[in-house]
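In what follows, a single structure is set out as structure tokens and then discussed.
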Amino acid sequence: NRDHDAATAKTTLAKCLDVFGENVSVDLIFGAPSQSISEWLGDLTFVIDQGVNHVSSYQLTVERGTKLARQVNSSQVSLPDSHQAAEMYLEAVQLLKSRGLERYEISNFGRIGYECQHNIGYWSGGQYLGLGPGAHSRLGVGSDRRSLINHPSPEIWHTQVTRKGHGTAKEVVLDLKTVLGELIVTGLRRSEGIISSDWDNLCQRKILFVDFVKYLNNQTRPTGTNTAGFRMGQGQLEGLLWSDRQLKISRHHLSIADHIILNVYSHFLDFVSQL
Amino acid sequence: DANQGVQAQTVSNFYQAFANNLEIIPVINKIDLPNADPEGVREQLFTLFEIEPDKCFLVSAKLGTGVLQLLDAVVEHVPPPPSNSRESPLQIFLFDSWFDKYKGAVNMVQINQGILTESCQIVSCKTNKEYGIKDMGLLTPEQEEFPALYPGQVGYITCNMKTAKEAVIGDTFYLKNNPQPPLMEIEACKPMLFAGIYPLNPSEYKDLRGAIEKLCLNDASVSVSNESSPALGSGWRLGFLGVLHMEVFSQRLEQEYNAEVILTNPSVPYKLVIKGEKNIKELGRIKMVQNPSDWPENVKVEKFMEPMVSATIITPADYLSPLLELCNERRGEQISIVNIDQTRLSMQYKFPLNEIATDFFDALKALSSGYASFDYEDAGYEESNLVKLEVKLNGDTVEELSSIVHASKAVSKGKMIVSRLVEELPRQQFAIAIQATIGKKILARGDLKALRKDVTAKCYGGDISRKMKLLKFQAEGKKRMRSIGNVSISKDTFVNILSNKR
């Protein structure tokens with residue numbers, strides 16, 4: 001249901017590179033109907049050849065109520081199966097790496113120095129202000145951390161902004177579990193994971209990173225350390241690595257981050273309940 | 001029943017009455033129904049029990065036809081109760097009881113000797129508890145109060161018994177300070193099969209306990225003992241007199257108490273004969289085992305025995321073939337087969353109890369379009385080839401999924417459990433090897449591949465709130481998981497595999 005086609009995308013990309021030069025990023029979706037792996041890699045290659053320094057890439061999500069959802073449900077279009085989707089993702093990571101674009105977040109690849117600073121803000125407990133209809137904000141830290149959501153309807157948002165000077169529909173003060181939970185959910189998607197200072201600053205040192213790490217140490221057998229000096233998780237925490245300064249998911253396990261993040265969050269809840 | 005004719009229950013009731021030398025009056029009821037065939041039933045009664053056709057009473061209880069004549073016959077043919085002396089010390093026999101919400105246990109008694117009045121203080125032989133009489137009288141058939149009951153009379157009494165367990169059927173009561181010997185040795189009724197019962201939500205444990213207690217107030221024949229399963233939490237092992245008993249009980253729980261329960265397959269009590277002096281000292285010479293976790297190592301056992309039943313199946317000839325197959329499948333041994341009339345046969349079979357304790361009755365009915373009937377009786381224990389089937393995940397045993405089976409059924413059951421697990425277990429970072437084993441021998445095996453990729457979407461701004469919501473929900477679900485080694489199993493998986501298919 002896009003309002004552009006491949007040709008338009010290409011010419012637009014060319015224009016952007018012209019105007020913005022090195023600071024251009026392209027979003028590419030894989031797992032589209034009838035998309036083959038070779039087609040996918042071909043598209044990636046084309047984009048890299050144009051000289052972009054940053055690529056964001058995720059799997060197509062079929063949203064309820066859309067035309068695509070109806071087409072999928074009635075088998076009018078066929079999507080690649082999970083095996084093929086996994087292939088597409090892993091091949092993409094390989095290809096981009098070989099061309100100098102490092103994966104620094106599950107879905108984000110860039111040459112060194114070209115990582116997206118805006119997005120890193122989301123993933124390191126930073127504050128962000130959402131301005132348009134439906135936009136989300138996170139303001140404050142620790143016990144003052146608030147979530148704000150703007151009216152999703154453009155008309156209502158517009159009216160309210162005119163009258164009150166802001167478009168906020170809902171404002172909630174978040175509890176510490178949620179505040180740190182959000183850091184876990186986003187931070188573990190980064191290749192470098194969560195840094196202890198981000199954690200401690202975000203919660204105003206009310207729940208120390210090192211204490212959580214100590215708790216994790218007790219969940220694994222004593223001998224689990226890798227060559228880089230990180231403790232290695234086992235069983236449910238297999239794929240998780242940590243030290244006193246950092247908590248991350250290993251490169252090889254990033255593609256099943258959702259599974260590991262859930263396990264880490266469960267452990268975090270147990271840890272908090274013991275405090 | 002003029003419509004259905006002789007059923008398996010008819011046969012077993014007849015033989016029991018006969019064995020106890022009771023006077024039998026044959027009655028053919030429901031002659032008002034359009035399909036009634038009293039002549040045909042008379043023929044069956046003669047063939048099976050040598051009852052003279054002209055001795056049968058044709059009756060319609062619904063319309064009242066023939067009832068007067070029947071009552072006269074009862075008065076004439078049924079011998080009177082023994083009449084002992086009124087002066088003898090009071091002895092009362094309790095033969096039935098039901099539970100009234102307000103009055104407590106209402107007991108049906110027969111006075112054996114002596115006179116019962118409202119001022120009597122009576123004591124139970126069995127429980128030694130003392131009671132005062134609150135109400136007493138005769139059933140006419142309504143409860144009608146009478147101030148005194150005499151030897152031979154049958155009436156009701158209420159005496160503030162708060163629970164049904166206090167009214168032991170077969171008990172004898174005497175006057176306080178004048179103890180009398182019991183009129184009958186009472187054997188607690190033996191449960192024929194067991195089922196595990198657990199609350200679907202562990203938070204409803206207390207409610208379920210209350211519901212079970214209330215139902216048992218009314219039914220003292222259900223045996224109850226505590227049990228717990230790491231998978232399903234705390235629950236009970238209930239013993240029932242039969243499959244129907246169990247089904248009625250659980251339906252009442254659902255309908256009358258809104259209880260949501262998990263019923264695990266009934267298990268029968270096995271008898272193990274222990275060998276070796278040291279083992280016998282430790283376990284006793286005979287060990288009864290109901291729970292797979294109590295199963296001792298094979299080396300300690302000289303003989304495995306399972307409970308058997310002798311069964312009567314009556315069926316129209318049309319369905320004989322599928323029923324024979326069913327009986328065969330359930331390790332039945334045919335004892336006899338007889339034509340009872342032009343169209344129907346009666347078969348006597350011997351079955352292991354655990355083969356008929358679950359869905360045999362349903363299968364029988366299904367294969368015979370409902371026309372076959374079935375009844376069974378305890379037939380002691382016989383030696384059998386029993387094994388403990390275990391389930392392992394990556395080498396770790398899942399205790400909750402262990403079961404005791406006959407060696408001939410082990411492979412098929414093992415395969416079934418393995419394939420269910422492959423379907424139901426969530427994938428994890430590593431592959432999971434699922435095995436069904438007996439001791440060291442692997443009977444069935446399945447493999448669950450490791451997760452390859454599960455992240456699909458981007459994660460900025462507004463996505464984060466959504467993700468947190470989902471995560472919180474999933475974390476709740478994880479709390480209901482159990483870990484076997486490194487593998488997580490959700491409670492739903494256990495429920496799906498363990499529970500009765502109904």
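Quick note: numbers below take in every heavy atom, side chains included, and nothing from hydrogens, waters or symmetry partners. To find a chain, count down the sequence lines: A is the first, B the second, and so on, and within it residues start at 1. Being a predicted model, the structure only gives us computed values, none of them experimental.
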- Query: Does the pair B:Asp447/B:Arg445 count as a salt bridge with the N-to-O cut at 4.0 Å?
  - Reply: yes
- Heavy-atom distance under 4.5 Å to chain B: side chain of A:Asn108, backbone, both or neither? side chain
- Regarding B:Lys458 and A:Ser56, is there a side-chain donor-to-acceptor distance under 3.5 Å anywhere? no
- Item | Exercise: do B:Asn354 and B:Tyr270 side chains pair donor with acceptor under 3.5 Å | yes
Atom pairs and distances, donor-acceptor, side-chain atoms in residues 262-269 of chain A, under 3.5 Å, two or more places apart:
unit_1: A:Asn263; atom_1: OD1; unit_2: B:Lys478; atom_2: NZ; d: 2.9
unit_1: A:Asn263; atom_1: ND2; unit_2: A:Gln236; atom_2: O; d: 2.8
unit_1: A:Ser266; atom_1: OG; unit_2: A:Leu262; atom_2: O; d: 3.1
unit_1: A:His267; atom_1: ND1; unit_2: A:Asn263; atom_2: O; d: 2.9

- Item | Proximity of A:Phe212 and A:Trp242 rings by center, below 6.0 Å | no
- Query: Under a 4.5 Å heavy-atom cutoff, which of A:His136, A:Arg138, A:His83 has the most pairs with chain B?
  - Reply: A:His136
- Taking A:Thr61, A:Leu60, A:Thr178 one by one, which has the highest count of heavy-atom pairs under 4.5 Å against chain B? A:Thr178
- Quick one: which of A:Tyr122, A:Tyr128, A:Phe30, A:Trp123 has the most heavy-atom pairs under 4.5 Å with chain B, could you say? A:Tyr122
- Task: Could you check which of B:Ala475, B:Ala450, B:Pro426, B:Cys459 has the highest count of heavy-atom pairs closer than 4.5 Å to chain A?
- Result: B:Cys459
- Reference residue A:Tyr104; test side-chain hydrogen bond (donor to acceptor under 3.5 Å, both in side chains); the match among A:His54, A:Glu115, A:Glu192, A:Arg190: A:His54
- Task: Can you tell which part of A:His253 gets under 4.5 Å to a heavy atom of chain B, answering side chain, backbone, both or neither?
- Result: side chain
- Message: Heavy-atom cut-off 4.5 Å, strictly under: side chain, backbone, both or neither for A:Leu237 against chain B?
- Response: backbone
- Message: Less than 4.5 Å to any heavy atom of chain B: does that hold for the side chain of A:Ser255, its backbone, both, or neither?
- Response: both
- By a 4.5 Å heavy-atom criterion (distance strictly below it), what part of A:Ile29 contacts chain B: side chain, backbone, both, or neither? neither
- Give a yes-or-no answer on whether the side chains of A:Ser250 and A:His252 include a donor-acceptor pair shorter than 3.5 Å. no
